[in-house]
Each structure stands twice: as C-alpha cells, then as structure tokens.
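Below, all heavy atoms of this structure are taken into account, side chains as well, without hydrogens, waters or symmetry copies.
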Amino acid sequence: MTRRAFPALDWFRLLAAVLVVAIHTGPLGSFSPAADLWLTRILARVAVPYFAMVSGYFLARGHWQGTGRLWRHTLLLYAASVLLYLPLNIYAGNPITWRGLLFNGTFYHLWYLPALLLALPIARLLAKAGRTGWAVAGLLYFIGLGGDSYYGLAGQLPGLGALYEVVFTFWNYTRNGLFFLPLFLLLGAAFAARPAPEVRQNARLTLAGLGAMTAEGLALHAAGIPRHDSLYLFLPLTMWGLFGLLLAVNGGQDRAVRRTATLVYILHPLCIVAVRVMARFLGLRWLLVDNSTVHFAVVVPLSVALAYLVQALPRRRRAVLPPDARAWREIDLAALRRNTALLRDALPASCALMAVVKADAYGHGAVPVARTLQREGICHFAVACLAEGIQLRRAGIRGSILILGWTDPALAPLIHRWRLCATVADADHGRALSARGVPVRVHLAVDTGMHRLGIPAEEISTLAELFTLPNLRVEGVYSHLCTSDGASEADRAFAQKQTETFVRTLTLLRGMGLDPGLTHLQASYGILNLGCTAGHTFGAARPGLVLYGVYSDKTPVDHPLPLRPVLSLRARVAAVHRVPAGEGAGYGLVFTARRDTCLAVLAIGYADGLPRNYGAQGGVVLLHGARCPVVGRVCMDQMLVDATDLPIPPKAGECATLIGTDGSGTLRAEEVAVACGTITNELLSRLGPRLGLVVQNP
Ligand SMILES: *Cc1c(COP(=O)(O)O)cnc(C)c1O
C-alpha cells in the first residue's frame with residue numbers, strides 16, 4: 001500500500017553529472033564516431049539544462065527568496081574550484097584571466113558556475129516580469145541558438161553575425177549565463193506553480209523531444225552547421241517533458257546523492273588528469289586512455305569515490321532541529337488514505353468529495369494532507385479563509401479551493417489571482433465582491449436555518465440576482481446543517497427540514513433557468529447521521545473531521561464508518577522528580593502529593609493546545625503504555641504527570657503519548673476531548689503551530 005519514496009530529482013542530478021563526464025571522455029568514441037556524436041553532443045546535452053531547471057524549480061517554490069543564498073553558495077563553490085584547479089592551470093600554462101574568471105570559467109568545465117552567477121539575477125527578474133519575462137528568455141535562447149548549433153546559418157546574417165562577434169569577445173560560446181541558462185531556470189520555475197505533472201504524458205513528451213533533437217542534431221552536424229552543440233531548438237521541449245516526468249515520480253530527497261552529483265561535476269576533470277598520469281606510470285595508456293570506454297569506466301567510479309571521500313572529511317555540521325525534539329504530532333498518511341477511500345466508497349458515484357482542510361487540516365498540517373489527498377485524486381478542497389487557500393496553491397494544490405468563511409471584498413484581486421473560490425456570505429457581500437471589478441468565482445451560501453453565513457433560502461429573487469451580477473461567476477450553491485451531530489428527535493427533524501429547504505431552493509433556482517453548479521450540504525455528521533445522500537443527490541459532500549478518522553465525541557451515530565485516526569500527539573519527558581508526601585507542585589501549588597510521588601515533567605503545555613485545567617478535568621497521558629494522571633495546573637509550555645504507579649519510573653528524554661497508541665495503551669482523541677471539555681474538532685484544530693510534524697507512510 002505504501003510506496004517507498006524515490007528521490008528521482010536528486011538521483012537524476014547524479015546521472016546528469018555522469019553524462020557530463022561522458023561529454024568529456026566520449027565513452028563510445030572508440031567504437032563508433034556516430035554513436036559518440038549522438039551520446040555526447042546530443043543526448044548528454046540534457047545534463048546542464050537539468051541542473052538549471054532543478055535550481056529554478058526550488059527557487060520558485062520558495063518565491064525566489066533563496067536566490068541570494070544560492071548565489072553566495074555558487075560563488076563559494078566557484079572560488080574553491082578556481083583554487084583547486086589553479087595548479088593544473090599553472091602546469092598547463094593557462095594563465096587566469098578576467099575573461100576566464102568572469103565569463104568562461106578558469107577550467108573547461110567550470111563555465112557553468114560563472115554562468116549561473118549571471119543567470120540567477122536575470123532569471124529572477126524575468127520571473128517577476130510574467131509574460132514579458134518569458135518572451136525575453138525565449139529571445140535570448142534564440143539568439144544563443146544562432147551562435148551555437150545554428151551558427152553556420154545565423155552567423156551569416158549581417159546584423160547577427162556582428163552581434164556574435166561582440167559576444168565572442170567576452171564568452172567563448174553563447175552557451176552561457178545570458179543566452180542559455182535563464183530560459184531553463186524559468187522552465188524549472190514554471191513547474192513550481194503547476195499542478196503535479198503526469199507520468200505518461202511527460203514520458204511521451206520526453207521521447208518525442210529526444211527523437212526530434214536527435215534528428216535535428218544529426219542533420220545539423222551532417223551539414224556542418226554547428227559552431228558548438230549545447231543549444232538545440234528541441235532542447236527546451238525535451239527538458240520540459242523530462243523534468244515533468246522526474247517530478248511526477250519524485251518522492252523525498254537524498255542530500256548525499258545531491259552533494260555527490262555536484263562533487264562529481266566539479267572533480268571529474270581532476271580524475272581525468274589522475275587517470276592519465278596513472279596510465280603513464282603503469283604503461284597502460286593504450287588501455288586506460290586510448291580506449292575511451294575504459295577511460296570513462298575508470299573516471300566515473302574514481303570521481304564518485306573522490307566525491308565520497310570529500311564528503312567524509314570532518315566538518316562542522318549544521319544543527320537541524322528534528323521535529324520530534326520536544327512535542328509533536330504524528331500524521332499517519334496511510335490512515336488518511338484509508339479514510340478517504342472509505343468515504344468515497346460510501347458516497348454515491350455522482351457525489352464528489354470536497355475535502356475540508358481548514359485550520360491547518362484540523363491541526364494535521366494542511367500541506368501534507370492536501371498533497372496526499374490530491375495524489376488520491378481529490379480535486380475539491382475547502383478552507384476557511386483566503387490565506388489558507390493561498391498556502392495550498394503555493395504548495396502546488398490544483399483543483400477547486402473553496403473559501404468557506406467571509407472574505408473581505410477588497411481582497412477580490414487575490415481571490416482571482418490564486419484561482420480560489422469565495423463564499424457569498426449574504427446579498428450585500430455578493431454585491432460588494434461584484435463591485436470590485438475583478439472576475440471572482442463564488443459559491444452561494446444559502447441559510448436554511450443556521451443563521452450563520454448565507455442568503456436566506458426564502459429570498460429566491462436575491463439569490464437569482466446574484467447569478468446576474470457582473471464579475472461574479474456562481475460555480476456552486478451550498479448550505480450547512482447545524483444539528484446533524486445531535487442525537488435527539490428534534491435535532492434530526494431540524495436537519496431534515498434544512499435539507500428539504502435546501503433542495504426546494506435548488507429546484508426553484510433551476511426552475512428559473514439558473515444552473516446552481518456544484519451543490520453540497522453535508523459535512524461529516526451530515527454523512528454519519530443522515531446517510532450518504534441525505535435522501536437526495538448533491539454534487540458533493542463536504543467532510544472535514546471524518547477524513548482525520550475521528551468522531552466529535554462519543555455520541556453514537558446512525559451510519560458509523562470504520563475510521564482510523566490519523567493523528568497522534570506526543571511529548572518528551574523533560575525531567576523526573578521525587579516529591580515527598582505533603583509537598584506541593586506547579587503554579588499555585590494546586591497539586592499536593594498525598595504520598596511520596598514520582599512526577600514527570602512533559603515538554604508540552606497550553607500554548608500547544610491543551611487546556612490549562614486539563615489535570616483537574618481528568619486528563620491522562622500514556623507513559624510506558626500506561627495511563628498516568630496529569631496533575632496541577634498545565635503551564636504554558638510544560639505539564640506535570642503523576643508517574644508513581646509505573647513499575648519502572650520514567651526517565652528524561654522518554655516519550656509520552658497524549659493522543660494515540662503506546663504499546664498496549666490507547667488514548668483516543670474523543671476521550672481526550674471530553675477531558676478538555678470540548679469536541680475533537682476544537683481540540684485538534686487548536687494544536688499549536690510550534691508542535692513538530694512527523695509524517696508517516698508518505
Ligand atoms: C468546517 C466546515 C465543514 C466541515 O465540517 P466537519 O464537521 O469537520 O466535517 C463543512 N462545511 C462548512 C461550512 C464548515 O464550516
């Protein structure tokens with residue numbers, strides 16, 4: 001069920017670095033010049049654009065805020081590389097020039113680093129310039145193309161020919177930071193704002209691109225047109241498919257592989273020299289150098305080994321904060337997937353699942369939850385406010401995102417920009433949204449008796465008016481039940497009445513020739529108590545809580561589902577004390593030890609979401625799988641637990657469970673919510689942002 005994550009993006013970096021080694025060793029050269037041409041001057045040309053695309057992708061995911069850091073990092077790497085290759089420069093009689101330092105790199109492979117230093121600020125500027133930026137990047141690439149593999153044609157054109165002459169007084173090639181890299185940085189960046197790419201489509205695109213590039217490259221070389229062969233007309237297309245494909249199958253990351261790739265890139269010319277020297281000493285030149293396949297086969301492992309050796313050098317490690325250092329939530333994504341599947345099976349086929357992921361997905365982490373749901377094929381999401389919607393879009397969530405709460409009409413441009421959908425809270429709100437002059441997609445909330453948000457169901461003409469307002473595009477109509485979680489006759493009757501009112505309103509609207517779009521009524525308890533259809537067929541259901549595998553409390557429901565809780569809450573034991581009988585502990589000394597007591601201090605408090613009086617209300621936690629009562633007043637960042645009854649006293653650093661399972665003990669969220677004097681909805685959504693998030697079964 002759970003797929004192992006494969007860090008495809010990082011592994012392909014390593015493969016790309018090996019392709020660069022191939023470019024510099026020509027492994028097929030001893031067999032067939034044609035095969036060598038294809039491998040090193042066509043196929044392997046995907047390597048460097050790939051490096052640029054990965055950088056562009058991750059920079060754009062961070063809204064280009066990491067540009068300065070990457071720039072400084074690249075500068076450091078370049079400086080170190082210049083120094084590393086300095087002895088070889090001296091030995092070979094290649095003086096270091098400004099032209100080399102600033103434009104071409106001081107050794108043949110180092111051109112990429114100054115090119116990246118130039119391309120990063122350019123790409124960042126172009127990315128902010130929208131369509132103009134794309135046009136400029138495309139134009140630059142085109143000019144670069146003319147100075148590279150199409151030089152035999154473009155160089156003849158009078159204006160262009162003169163331009164290239166100027167360019168070539170600075171750079172050896174147009175494969176540089178001005179003409180070549182900006183487009184690939186932008187192409188990578190474009191993926192950051194796009195929905196998750198699809199495997200098959202991108203695999204086809206990659207193959208088609210490679211085929212076209214092969215034909216293009218072979219034809220150009222046969223005609224003797226190229227001056228150099230890094231830029232092809234079909235290279236951007238190929239890279240688009242290839243990157244999409246890798247992104248589609250990518251899961252997680254592997255820093256070690258990533259670092260190895262960079263080091264192989266930087267170090268392989270050194271290894272080429274080393275192999276040559278070694279071959280001379282051993283009298284094996286005929287084998288180790290002249291046979292290009294063997295040469296390549298020796299240089300690659302040597303480079304990888306050297307890369308590992310460099311990484312093994314002792315250095316200061318930067319401390320990373322593990323999410324489970326103090327107190328944390330564990331999110332079992334396999335349980336989330338199962339609950340989703342259960343709900344989908346329960347709902348009629350025509351009824352979509354609109355996943356409610358407001359309040360940071362009820363404290364579960366909106367981004368990992370929404371990403372998981374998206375991968376399961378969910379394409380309707382609901383949040384409470386604009387900022388939550390934007391957060392999801394930034395994390396790459398596509399499909400519809402409905403804002404269930406009130407949105408200030410002044411924010412209409414942002415609703416539009418992030419392709420969100422607003423709820424029309426009442427007639428005036430709808431008119432104000434419309435008056436902003438920006439197209440806004442909306443769902444109309446209909447008040448069927450809750451009297452929270454919505455246009456009163458009886459005001460049919462007002463509802464109809466909202467369909468005709470300029471700039472408002474009504475894509476859905478919905479209502480909300482306010483007693484569906486109640487077990488009493490009156491509660492059920494009221495929910496039934498609301499349902500009938502909603503259905504009647506929809507019928508009236510349709511009778512007026514208006515299309516309500518996506519219709520939806522039931523949240524979790526609407527499904528659990530009224531059944532999956534509530535006796536009607538709506539376009540969608542809108543559950544939140546049940547996705548997370550819990551009920552609000554322990555009240556039985558009419559249509560239970562075998563849900564699996566997604567969240568566990570854990571905290572570390574900070575200290576253990578022996579408190580003699582008669583001694584008090586905590587704020588106000590509210591707790592007094594009646595016997596010699598073993599007190600465990602947990603590193604979690606009310607700022608993390610548990611109430612201050614949790615102990616007084618019967619709160620317990622699991623230590624060593626056994627229930628231990630919370631005592632005294634919960635502090636902002638700690639709480640005290642009576643661990644006297646444990647056969648073995650706890651130790652500092654051990655882990656306590658506040659929600660979830662530990663050994664044979666389980667504390668369900670429903671039970672904890674009761675001790676908090678509330679329902680799970682409140683308990684979970686209040687879990688504080690300072691809690692770590694540990695994702696399981698991604
Ligand atoms: C929060 C919310 C939901 C989801 O409620 P659950 O009870 O968690 O399923 C659905 N609709 C609206 C309007 C909401 O505010």
Side-chain angles (χ1 to χ4, degrees), residues 321-330 362-364 550 565 567-646 648-663 665-680 682-694:
L321 182 68
D324 55 357
R326 174 187 167 261
W328 67 97
R329 301 157 283 172
E330 281 169 14
Y362 294 46
H364 290 60
V550 296
L567 178 138
S568 304
L569 178 64
R570 307 196 200 270
R572 305 292 283 273
V573 176
V576 181
H577 303 300
R578 291 256 148 225
V579 177
E583 191 86 6
Y587 281 122
L589 298 178
V590 168
F591 170 72
T592 305
R594 278 184 290 114
R595 51 180 178 170
D596 286 351
T597 299
C598 172
L599 271 191
V601 183
L602 302 192
I604 187 169
Y606 61 72
D608 298 296
L610 290 147
R612 184 165 173 259
N613 56 359
Y614 190 42
Q617 301 194 110
V620 294
V621 307
L622 297 176
L623 271 170
H624 300 177
R627 289 172 178 241
C628 301
V630 175
V631 296
R633 275 187 200 141
V634 171
C635 315
M636 189 182 283
D637 320 302
Q638 281 95 23
M639 64 171 71
L640 304 175
V641 170
D642 184 348
T644 316
D645 291 331
L646 293 184
I648 304 166
K651 287 200 279 293
E654 282 179 352
C655 171
T657 299
L658 293 99
I659 298 173
T661 298
D662 173 19
T666 294
L667 273 176
R668 286 198 56 108
E670 290 86 347
E671 188 183 348
V672 176
V674 170
C676 293
T678 182
I679 54 176
T680 54
E682 180 183 348
L683 169 69
L684 296 174
S685 65
R686 285 171 74 116
L687 292 178
R690 109 185 151 184
L691 289 168
L693 192 67
V694 174

Heavy atoms only: give me the nearest [X]-[Y] pair and the separation to one decimal.
X: Asp596; Y: Pro580; result: OD1-CA, 3.5 Å
X: Ala603; Y: Ala327; result: O-CB, 3.4 Å
X: Ile604; Y: Ala571; result: CG2-CB, 3.6 Å
X: Ala600; Y: Pro650; result: CB-CG, 4.2 Å
X: Ala607; Y: Asp637; result: CB-OD1, 4.2 Å
X: Val550; Y: Ala669; result: CG1-CB, 4.0 Å

With rounding to the nearest 0.5 angstrom, report the [atom1] to [atom2] distance, [X] to [Y].
X: Glu671; Y: Thr680; atom1: CD; atom2: OG1; answer: 12.5 Å
X: Tyr606; Y: Cys676; atom1: OH; atom2: SG; answer: 15.0 Å
X: Tyr587; Y: Cys635; atom1: OH; atom2: SG; answer: 5.5 Å
X: Tyr614; Y: Leu683; atom1: OH; atom2: CG; answer: 7.5 Å
X: Ile648; Y: Cys598; atom1: CD1; atom2: SG; answer: 12.0 Å
X: Glu654; Y: Leu623; atom1: CD; atom2: CG; answer: 7.5 Å

Is the number of heavy atoms from other residues, nucleotides or ligands within 6.0 Å of CZ (Arg686) greater than 12?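 No, the 6.0 Å shell around CZ holds no more than 12 heavy atoms from other groups.
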Are side-chain heavy atoms of [X] and [Y] found at a separation under 4.5 Å?
X: Ile659; Y: Leu667; value: no
X: Cys628; Y: Leu646; value: yes
X: Leu567; Y: Leu687; value: yes
X: Arg668; Y: Val674; value: no
X: Leu691; Y: Leu569; value: yes
X: Leu602; Y: Val621; value: yes
X: Leu599; Y: Val576; value: no

Going through the checks in order, is the salt bridge (Lys or Arg N to Asp or Glu O under 4.0 Å) test met by Arg627 and Asp662? CA-CA 10 Å; Arg627 289 172 178 241; Asp662 173 19; over 6 Å; no
Please determine whether side-chain contact (heavy atoms from CB on, under 4.5 Å) holds for the pair Thr597 and Arg578, giving the CA-CA distance in whole Å, both sets of side-chain angles, and the decisive distance to 0.1 Å. CA-CA 6 Å; Thr597 299; Arg578 291 256 148 225; over 6 Å; no
So which pairs with a foot in residues 603-614 pass salt bridge (charged side-chain N to carboxylate O under 4.0 Å, His left out), sequence neighbours left out?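 Those involving residues 603-614 are Arg326-Asp608, Asp608-Arg690.
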Any carboxylate oxygen within less than 4.0 angstrom of a Lys/Arg side-chain nitrogen, looking at [X] and [Y]?
X: Glu583; Y: Arg594; value: no
X: Asp324; Y: Arg329; value: no
X: Glu330; Y: Arg570; value: yes

Backbone of Pro629 reached by a side-chain donor or acceptor of Asp642 within 3.5 Å: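 A pair under 3.5 Å: no.
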